[in-house]
Amino acid sequence: MPLIALVALFVAFWSPVSPAPGGVPGPGGADALGRALLAMTAVATVGSISALVGGLMARRVARAGPTLEDRRRLARASLGLEVLAVVAFGLVVHLGRWPEAVAVGMGLSGWTIAEEAVVLLPFLLMLLAAWSGLYQADRVLKASGMRGVKHSWLAGYLVFKARQALGLVLPVAVLFAVVQDLQGWISPGGDPAAWVSLALYAGLGATILVLSPAFVRLSWPARPMPPGPLRDRLERLARRFGFRYTDILVWDTGGGLVNAGVTGATPWFRYVLLTDAMVENLSPREIEAVFGHEVGHVAHRHLAYFGLFFLGTMGVMSLLTSGIDRFLAIGSPIWAWGRDPTVELVVQGAAALGFGAAYFLLIFGYLSRRFERQADVFGCRVVSCGRGGCPPHPDVNALPGPGPAVPETLCPVGIGIFIEALSSVAMLNGMEPRARSWRHGSIARRISFLRGLEGRPEAERRFQARLAGLRLAVGLALTTALLLAVTTGALGRLH
Ligand SMILES: [Zn+2]
Ligand SMILES: [Zn+2]
């Protein structure tokens with residue numbers, strides 16, 4: 001879900017083309033009122049569609065009783081409406097020229113934070129309108145026994161949804177605005193040197209990675225895991241693998257979700273989260289395996305790598321944007337769409353968005369799935385005994401004292417425990433084992449990969465070596481792109 005809010009920020013503040021010199025004159029005060037009315041009409045439209053969809057679903061559930069399919073349908077409707085909100089917001093911003101109305105018509109230009117808040121306001125209202133429409137359906141589902149956090153008031157439901165959707169994104173937007181203010185302060189009136197921009201954005205990325213645990217706590221209700229045998233096991237496991245963290249949290253989902261996560265790039269501020277339903281339904285050893293998967297993300301520095309990945313992506317995107325400005329413009333040899341500057345803007349915007357989306361889906365998606373596998377392997381390792389020929393297999397994280405050393409190879413029972421945990425998670429969440437997942441890959445493929453490692457330590461070594469090579473190659477390519485972007489001046493101030 002936070003992805004939707006990120007896309008909306010992108011829509012609002014990242015114009016793929018720099019404004020034409022001299023530009024189109026901004027609207028006057030009266031015009032700003034007209035544009036505000038247009039924005040409100042868009043909000044009302046999203047709200048009406050949502051009320052219609054939500055009402056139909058609520059009636060259906062009340063008539064025929066709830067099914068798992070209804071829950072999926074509600075989730076799909078919610079996502080669909082959120083996408084609709086982004087599209088409507090995109091129209092308001094780019095066709096309705098809403099940011100201009102805010103900056104010029106309302107005289108908020110220069111008040112970065114206030115300006116951005118007002119620019120984003122229609123999107124926030126659209127989300128609230130979309131969720132309000134679905135509230136009744138959600139309530140009927142929960143009232144008739146479907147699990148999940150129950151809300152007896154619309155306000156509570158809206159706060160819950162808003163925390164989920166925006167808790168991660170709004171703080172990032174504020175930090176982003178601060179960086180833009182800093183840019184203006186460092187070089188008033190002009191663009192700062194490319195390396196200054198780069199340093200600012202690297203600082204921004206590092207700050208986000210370090211502070212992310214705070215944003216996660218803002219988004220998701222969670223409490224520290226109480227002391228007891230399970231916590232003892234996880235703490236022993238963490239000590240065995242030298243993993244440091246601030247706390248282990250139980251994430252409150254009203255029993256509706258079996259999932260886990262880790263957040264924070266530094267050992268001093270880092271949480272591991274396990275949902276309430278996971279703690280209730282999985283066996284202690286399965287929970288250890290899932291916990292190990294999250295430890296694996298940290299041990300292999302996946303978070304930090306993605307931080308650098310996004311920094312390098314700025315280089316790629318700057319090169320792309322300057323390429324588009326140069327070759328996909330009126331008068332360039334491959335231009336074939338007339339002389340209308342609006343058409344130029346639309347074509348350039350579409351090209352930038354298309355390339356950007358393809359890059360993100362293909363490269364980020366592939367890397368992300370590889371990293372998930374690497375974390376899976378780590379999850380097997382934390383419950384492995386290190387004897388290729390087990391059973392008998394000792395309960396490694398329940399043994400008193402420091403426990404056994406980190407095993408060199410995965411053992412068959414260890415792999416089996418992790419696979420069992422994966423299958424339980426899929427089954428309890430009502431997921432199809434073969435359902436594809438862009439970020440994680442399907443459960444069935446993850447399982448068959450792990451089965452292939454049984455008794456073949458050389459297969460694991462080969463996997464690790466290949467992934468290390470891929471990381472290095474992508475890292476080098478992105479560094480080159482970044483250097484090119486800086487030296488050619490493609491990477492300037494983000495407008
Ligand atoms: Zn993972
Ligand atoms: Zn074993």
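Ligands are counted one by one from 1 in listed order, and the atoms in each one are counted from 1 as well.
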Asker: Hey, does the side chain of His393 reach the backbone of Val383 with a donor-acceptor pair shorter than 3.5 angstrom?
Answerer: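 At least one qualifying donor-acceptor pair exists.
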
Asker: Please tell me if the side chains of Val377 and Phe449 come closer than 4.5 Å, counting only heavy atoms from C-beta onward.
Answerer: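 The answer is yes; the side chains approach within 4.5 Å.
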
Asker: Give the C-alpha distance, both sets of side-chain angles, the deciding distance and a yes or no for ring pair (Phe, Tyr, Trp, His ring centres under 6.0 Å) between Phe310 and Tyr201.
Answerer: CA-CA 10 Å; Phe310 281 111; Tyr201 281 99; over 10 Å; no

Asker: Going by heavy atoms in the side chains, are Glu460 and Thr409 under 4.5 Å from each other?
Answerer: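 They are not in side-chain contact.
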
Asker: Is there an N/O/S atom in Glu294 at a distance below 2.8 Å from the Zn ion (ligand 1)?
Answerer: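 Checking Glu294: none of its N, O or S atoms is under 2.8 Å.
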
Asker: Can you name the N, O or S atom of His393 that is closest to the Zn ion (ligand 2)?
Answerer: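 The Zn ion (ligand 2) is closest to the His393 atom ND1, counting only N, O or S.
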
Asker: Of all N, O or S atoms in Glu372, identify the one at the shortest distance from the Zn ion (ligand 1).
Answerer: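 Per the distance ranking, Glu372 contributes OE1 as its closest N/O/S atom to the Zn ion (ligand 1).
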
Asker: Taking the Zn ion (ligand 1) as the vertex, measure the angle between atom NE2 in His293 and atom NE2 in His297; round to 10°.
Answerer: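 Result: 100°, to 10°.
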
